[in-house]
Amino acid sequence: MNLESPKVTLDKSAEETFNFLSDVKNFESLMPENISKFEVLENDKFLFALKGMPEIILKKKEATPNSKIVLGAAGGKLDFSLIGTITEVEMNKTDVQLNFEGEFNAMMAMMIKGPINKFIETLVTNMKTAV
């Protein structure tokens, strides 16, 4: 299952955006309002939970300076990646898009597609004010 967020344009350089997303504690400021828990476990790993959903642990798996951040599920029953693509459009203008990739059975994919789409949309929308 592959889901894409809308692209958002930030008034920041690719380097500033990359540095913000590289620090996992900054993800707390991107979370939706219905977050019930957020905890930094290590300098590259955090746990979060949204109301009515199980806790999810994300770990930074890959980082390509100023262009890409990959967070992956760390433990749990679901295996997925959240990929942030950073593209500098011009000086201090950067496009950011999140992609969600995971292998799920058809039933699970049907159940989680809507909430995950909304979740990644909220993350990129909140970047406009948080980064």
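Membership of the apolar cluster around V70 extends to I83, as traced through chained side-chain contacts below 4.5 Å between ILVMFWY residues. When hydrophobic residues (I, L, V, M, F, W, Y) are linked wherever their side-chain heavy atoms come within less than 4.5 Å, the members clustered with I57 are L41, L47.
The salt bridge (charged side-chain N to carboxylate O under 4.0 Å, His left out) search around K68 returns E62, not counting sequence neighbours. Residues forming a side chain to side chain contact (heavy atoms under 4.5 Å, CB included) with M108 (at least two apart in sequence, or on another chain): L78, F104, N105, I112. Partners of T85 according to the side chain to side chain donor-acceptor pair (under 3.5 Å) rule, which considers only residues two or more places apart in sequence or in another chain, do not exist here. Under the side chain to side chain donor-acceptor pair (under 3.5 Å) criterion, E15 pairs with no residue, sequence neighbours left out. Among residues two or more places apart in sequence or in another chain, the ring-ring contact (aromatic ring centres under 6.0 Å, His included) test is passed with F119 by F48. V131 is linked by a side chain to side chain contact (heavy atoms under 4.5 Å, CB included) to L10, K12, T17, F20, M127, counting only residues two or more places apart in sequence or in another chain.
The distance from the OG atom of S81 to the CG atom of N2 is 10.0 Å, given to the nearest 0.5 Å. For the atom pair OG of S5 and CG of L98, the computed distance is 4.5 Å after rounding to the nearest 0.5 Å. Summarising the geometry, atom CZ belonging to F100 is positioned 13.5 Å from atom CD belonging to E4; distances are rounded to the nearest 0.5 Å. Atom CG of N66 sits about 9.0 Å away from atom OG1 of T94, to the nearest 0.5 Å. Atom CG of residue L50 and atom CD1 of residue I35 lie 6.0 Å apart, to the nearest 0.5 angstrom.
Here the shortest heavy-atom pairing between L58 and A73 reads CD2-N, 4.0 Å. Listed here is the closest heavy atom pair of L3 and M1: CD1-CE, 4.1 Å. Considering every non-hydrogen atom in both N43 and V24, the closest pair reads O-CG2, 3.6 Å. Closest heavy-atom contact between A63 and F18: CB-CZ, 3.9 Å.
Residue pairs that meet the salt bridge (charged side-chain N to carboxylate O under 4.0 Å, His left out) test with at least one member in residues 88-105, sequence neighbours left out, are D11-K93. Residue pairs meeting the side chain to side chain donor-acceptor pair (under 3.5 Å) criterion with at least one partner in residues 113-131, sequence neighbours excluded, are absent. Listed by first and then second residue, the side chain to side chain donor-acceptor pair (under 3.5 Å) pairs that reach into residues 47-59 are K37-E55, D44-K59, sequence neighbours excluded. Under the salt bridge (charged side-chain N to carboxylate O under 4.0 Å, His left out) criterion, the residue pairs touching residues 23-32 are D23-K25, with sequence neighbours excluded.
At least one side-chain heavy atom of F46 sits under 4.5 Å from a side-chain heavy atom of L71. When side chains are defined from C-beta on, K60 counts as touching S22, because their heavy atoms get closer than 4.5 Å.
At least one donor-acceptor pair under 3.5 Å links the side chain of S13 to the backbone N or O of E16.
Linking Ile, Leu, Val, Met, Phe, Trp and Tyr whenever their side-chain heavy atoms come within less than 4.5 Å puts F38 and I56 in one cluster.
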